[in-house]
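Comments concern the structure below.
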Amino acid sequence: MNYKKAFPFAVAALVIVILAIILMVLYQDGILKLGTQSTTAGNAVVQLIVEQDTVKHEPIADFNKFIASADKPVFVDFWAEWCPPCRLAAPFVEQLAIEYEGRAIIVKIDVDQAMALASQYKAQSIPQFSVFSGGKLIESTAGYADSIQNSLRQMIDRLLP
């Protein structure tokens with residue numbers, strides 16, 4: 001066997017196998033994952049829906065139309081995957097979805113994937129929590145600590161009948 005002729009084919013096969021493995025790792029669960037961000041459209045803006053004591057994330061196609069047609073106050077968490085306070089706030093935001101089920105709408109907006117919305121609503125410091133009513137921004141606050149949970153609830157409560 002002539003190893004000099006076979007060597008380029010062996011290298012090419014090895015490169016193909018390595019690329020296939022890399023793509024399999026990056027493309028898990030149908031989502032191309034690059035670092036901490038995923039490239040799926042449709043998960044940048046989600047409504048938290050409670051079904052059988054489980055919080056599910058339902059994509060919102062047009063946030064501005066969504067808040068304009070909402071018949072309840074809309075509480076929005078502007079967040080990012082890489083933001084430690086945002087990750088700390090996530091369980092609390094899901095708890096709000098359970099607490100306010102049927103009385104308010106809870107939404108999460110990933111500022112890295114929805115930069116235009118983040119800019120439109122001036123979400124420059126995250127997490128930013130905003131409350132909308134009648135399609136209009138009523139109130140916002142930035143930052144998170146367990147000590148402000150009641151203040152965040154009051155933002156919603158002020159808009160409830």
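Throughout, residue positions are numbered sequentially from 1 according to the sequence presented.
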Sub-6.0 Å ring centroid separation between F132 and Y121: yes
Aromatic ring proximity F75/Y100, centre distance under 6.0 Å: no
Side chains of V55 and I49 in contact at under 4.5 Å (non-hydrogen atoms): no
Sub-4.5 Å side-chain heavy-atom contact between K108 and H57: yes
Test item: I148 and N150 side chains (from C-beta on) under 4.5 Å apart, heavy atoms: no
Spacing of E51 atom CD and K56 atom NZ [to the nearest 0.5 Å]: 4.5 Å
I109 CD1 to N43 CG distance, which is reported to the nearest 0.5 Å: 12.5 Å
Residue pair Q120 / N64, side-chain donor-acceptor N/O under 3.5 Å: yes
Note, Y144 side chain near L88 side chain (heavy atom, < 4.5 Å): yes
Nearest-0.5 Å distance that lies between atom CD1 in I105 and atom CD1 in I60: 8.0 Å
Interatomic distance, W79 atom CH2 to I126 atom CD1 [nearest 0.5 angstrom]: 9.0 Å
Taking every non-hydrogen atom, the tightest pair across L159 and S133: CD1-CB, 4.1 Å
Minimum heavy-atom distance Q128-S140, with the two atoms named: NE2-OG, 3.6 Å
Closest non-hydrogen atom pair, D77 against P127: OD1-CB, 3.9 Å
Side-chain donor-acceptor pair present, T141, E139, cut-off under 3.5 Å: no
Heavy-atom closest pair, residues A97 and I106: CA-CG1, 3.6 Å
D112 and E81, any side-chain heavy atoms less than 4.5 Å apart: no
4.5 Å side-chain heavy-atom contact, F66 and V45: no
